Amino acid sequence: MTHTNNFVKSYLETNKDRFKNVSDYIYHHPETRFEEYASSQFLASACEKEGFIVERGVADIDTAFVASYGSGSPVIGFLGEFDALSGLGQVPNKTAYEPWDKNVGHGCGHNLLGTGAFAAACATKNYLEENDLPGTVKFFGCPGEEGGSGKTFMVREGVFEGVDAALTWHPSPANSIMSLSSLANYQVYFKFKGVASHAANSPHLGRSALDAVELMNIGVNYLREHVIPEARMHYAVTNTGGISPNVVQSDAEVLYLIRAPKVNQVDEIFKRVCKIAEGAALMTETELSIQFEKACSNYIPNRSLEKQLYKNLKKAGIEPPSQDEISFAEKLWSSLTDGEKENYLDLMKGFGYSGDGSEFEGKYVSDTISPYLESNEILAGSTDVSDVSWVVPTAQLTASTSALGTPLHTWQMTTQGISSYAHKGMLRAAEAMSLTAVDLLNNQADLDVVQQEFKAFKDKNPYSCPIPNDVKPSILEHK
Ligand SMILES: [Zn+2]
């Protein structure tokens, strides 16, 4: 049998330019949720060229696909994202803000994420092939993570059924296991319909939908005092009813994003927000319609799988950064605000970093792997990987692809998306994930431990998809 460690490392080394090209292609074709036609097609074709059987349009989503290789059990899955963000178009490899005309960019590094998971799937597939071993490798092309909960829809439609373990990662400034849970959320439109009229001549005949939106928001702002402190309620007024103050606005809407540590807590708050919306409609004599857009659950860590992933992240190791990479990172650090600089360790902690920062003194990029921590904390954010973690034992790591202090969803994150440092992080993540998959394919006992832990949780906590059955994935309407 080929030595696992050397096989995976040397496979990725030999094929690294191919993977860099895939990631850079996705970077240069940034597309927002559920409209990732170029990126999805490019990745799916790359899977076919590699010998995977690809099923496109899974879960009734055009840009979702599953690429499979091999047969029988175990079945190991890799989750890859590839969607970009509106408002984050930025010219690559710059140390200052320089927007590009597309105004859409990879401000969360999902070009690297999708490609790193794809590279892990390829390395694992080639290992199986080389050694003529049984088992199945699946690469899940998962669209619409940003504001879309693509994976939650895919879970609802049973796409992950039969998978024994799932692995994924996320780009960041840190190298660690993402051992934190995350916030569950609901995203819901509240749409009000009133009656238009001349605002000076006949205001008594008008019924203002914009008043309803404003009164609803005031009500929710009073509600904040009476929900658990971990809860978050954000809103965006997505339709003000027009730009004419001399018209009573007949249509207006507000989009709410409600978050809390557990999905049942979100549901409870959501029901109270609905009552406030009904109250606003009653006060203004407008009609209310509630349109559920998407939701995701809280993340369930699998400690046994995390430990295996951590062991393999250490095995993959870190190549020292080059002088050019350090100088570039130093300039990006200088571009951060004082608040962002102060926040840099908290940012790392959000990805599972557990130290006091002493190893980063005088540095601008991470060149270390953080010790593994079974964190009981909750990431102040949400991810649709969470719903996969309710149905398949799942573990995630982060690999450093950006300068210390780089917040996600910023021009600084976008500009670093095709750097040599980012490529190295992507391949490190691929190596750690592939080594873990190969361990699970070779050692049934390791997989048994992972599955026992998962079963113990599942027996007490049955899953129910937070997105109602009649809700379909929605594209970004307000770009
Ligand atoms: Zn992301």
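All values reported here derive from a predicted model rather than from experimental measurement. For the single chain, residues carry numbers from 1 onward in sequence order. Just so it is clear, the values below take in all heavy atoms, side chains as well, and ignore hydrogens, waters and symmetry mates.
- Of the options Phe292, Tyr256, Tyr235, a ring pair (Phe, Tyr, Trp, His ring centres under 6.0 Å) to Phe190 is made by Tyr256 and by none of the others.
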Give the intermediate values and the outcome of side-chain contact (heavy atoms from CB on, under 4.5 Å) for residues Leu435 and Glu431.
CA-CA 6 Å; Leu435 287 171; Glu431 188 175 342; 4.0 Å; yes

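- Taking a cutoff of 4.0 Å between a charged side-chain nitrogen and a carboxylate oxygen, Lys307 and Glu374 qualify as a salt bridge.
- Residues passing the ring-ring contact (aromatic ring centres under 6.0 Å, His included) test with Phe351: none are found, sequence neighbours excluded.
- A side-chain N or O of Ser434 and one of Thr124 form a donor-acceptor pair less than 3.5 Å apart.
- At least one side-chain heavy atom of Trp100 sits less than 4.5 Å from a side-chain heavy atom of His28.
- In this structure, Asp60 has no salt bridge (Lys or Arg N to Asp or Glu O under 4.0 Å) partners at least two apart in sequence or on a different chain.
- Panel note: side chain Arg224, backbone Ala231; no donor-acceptor pair is recorded below 3.5 Å.
- In terms of the side chain to side chain contact (heavy atoms under 4.5 Å, CB included) criterion, residue partners of Glu214 (sequence neighbours excluded) are, by chain and number, Leu210, Asp211.
- The shortest side-chain heavy-atom distance between Ser23 and Ile26 does not fall under the 4.5 Å cut-off.
- Between the side chains of Thr95 and Lys331, not a single donor N or O lies within less than 3.5 Å of an accepting N or O.
- Side-chain atoms of Glu50 and Asn126 form a donor-acceptor pair, as typed in the model, at a separation below 3.5 Å.
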Derivation and outcome, ring-ring contact (aromatic ring centres under 6.0 Å, His included), residues Phe160 and Phe140:
CA-CA 9 Å; Phe160 300 96; Phe140 292 92; 4.6 Å; yes

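- Taking Ile378 as the reference, Ser181, Leu183, Pro261 meet the side chain to side chain contact (heavy atoms under 4.5 Å, CB included) condition, with sequence neighbours excluded.
- Listed by chain and residue number, Ser375, Glu377, Leu379 satisfy the side chain to side chain contact (heavy atoms under 4.5 Å, CB included) test with Leu180 (two or more places apart in sequence, or in another chain).
- Qualifying ring-ring contact (aromatic ring centres under 6.0 Å, His included) partners for Tyr353, counting only residues two or more places apart in sequence or in other chains: Phe360.
- When side chains are defined from C-beta on, Met426 counts as touching Trp169, because their heavy atoms get closer than 4.5 Å.
- At most 12 non-hydrogen atoms from other residues, nucleotides or ligands lie less than 6.0 angstrom from CD1 of Ile53.
- Counting only N and O atoms by type, the side chains of His106 and Gln90 include no donor and acceptor under 3.5 Å apart.
- Taking 4.0 Å as the cut-off between side-chain N and carboxylate O, Asp24 and Lys20 do not count as a salt-bridged pair.
- Between Glu13 and Lys9 there is no salt bridge, since none of the side-chain N atoms of the basic residue sits less than 4.0 Å from a carboxylate O of the acidic one.
- Between Leu440 and Ala165, the shortest heavy-atom distance links the atoms CD1-CB, 3.9 Å.
- Residues Asn312 and Asp439 have side chains that bring a donor and an acceptor to within less than 3.5 angstrom of each other.
- Residues Pro143 and Asp83 form no side-chain contact, since every pair of their non-hydrogen atoms from C-beta on lies 4.5 Å or further apart.
- Residue Asn111 comes nearest to Gly417 through the heavy atom pair ND2-O, 3.1 Å, listed as atom of the first residue, atom of the second, then distance.
- Evaluation of the side chain to side chain donor-acceptor pair (under 3.5 Å) rule for Thr410 yields no partner, not counting sequence neighbours.
- Around atom NZ of Lys262, no more than 12 heavy atoms belonging to other residues, nucleotides or ligands sit under 6.0 Å away.
- The shortest distance between side-chain heavy atoms of Ile290 and Val188 falls below 4.5 Å.
- Annotation: side chain to side chain contact (heavy atoms under 4.5 Å, CB included) contacts of Ser420 (sequence neighbours excluded): Glu325.
- Sorted by first and then second residue, the ring pair (Phe, Tyr, Trp, His ring centres under 6.0 Å) pairs with a member in residues 40-69 read Tyr25-Phe42, Phe65-Phe139; sequence neighbours excluded.
- Remark: the Ser474 side chain and the Glu293 side chain contain an N/O donor-acceptor pair separated by less than 3.5 Å.
- For an aromatic pair to be called close, the ring centres must be under 6.0 Å apart, and Trp390 with Tyr299 fails this.
- Side-chain atoms of Ser149 never come within 3.5 Å of backbone atoms of Lys294 as a donor-acceptor pair (strictly under, hydrogens ignored).
- When side chains are defined from C-beta on, Ile76 does not count as touching Thr136, because their heavy atoms never get closer than 4.5 Å.
- Side-chain contact of Ser400 with Tyr421: a donor-acceptor pair under 3.5 Å is present, judged by distance alone.
- Considering only residues two or more places apart in sequence or on other chains, Glu81 meets the salt bridge (Lys or Arg N to Asp or Glu O under 4.0 Å) condition with Lys151.
- Judged purely by distance below 3.5 Å, without hydrogens or angles, the side chains of Thr406 and Gln416 pair a donor atom with an acceptor atom.
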For the pair Val385 and Gln396, evaluate side-chain contact (heavy atoms from CB on, under 4.5 Å) and give the outcome as yes or no after the intermediate values.
CA-CA 9 Å; Val385 175; Gln396 318 180 77; 3.8 Å; yes

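- With no hydrogens or angles considered, a side-chain donor-acceptor pair links Asp387 and Thr152 at under 3.5 Å.
- Residues passing the salt bridge (Lys or Arg N to Asp or Glu O under 4.0 Å) test with Glu319 are Lys424, sequence neighbours excluded.
- The salt bridge (Lys or Arg N to Asp or Glu O under 4.0 Å) test applied to Asp356 returns no partner, not counting sequence neighbours.
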Walk me through whether Ser354 and Lys349 qualify under side-chain contact (heavy atoms from CB on, under 4.5 Å).
CA-CA 6 Å; Ser354 54; Lys349 284 176 183 161; over 6 Å; no

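- If you check the side chains of Gln41 and Ser45, you find a donor sitting under 3.5 Å from an acceptor.
- For the pair Val263 and Tyr186, the minimum side-chain heavy-atom distance is below 4.5 Å.
- Side-chain polar atoms of Ser40 and Thr63 form no donor-acceptor pair below 3.5 angstrom.
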Going through the checks in order, is the side-chain contact (heavy atoms from CB on, under 4.5 Å) test met by Leu223 and Val273?
CA-CA 8 Å; Leu223 176 67; Val273 169; 3.9 Å; yes

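- A donor-acceptor contact closer than 3.5 angstrom is absent between the side chains of Asn298 and Ser386.
- Under the 3.5 Å distance criterion, with hydrogens and angles disregarded, a donor-acceptor pair is assigned to the side chains of Glu253 and Thr238.
- Side-chain N/O atoms of Glu31 and Ser39 include a donor and acceptor closer than 3.5 Å.
- The shortest distance between side-chain heavy atoms of Phe82 and Leu43 falls below 4.5 Å.
- The pair Arg56-Glu48 meets the salt-bridge criterion, with a side-chain N (NZ, NE, NH1 or NH2) lying under 4.0 Å from an Asp/Glu carboxylate O.
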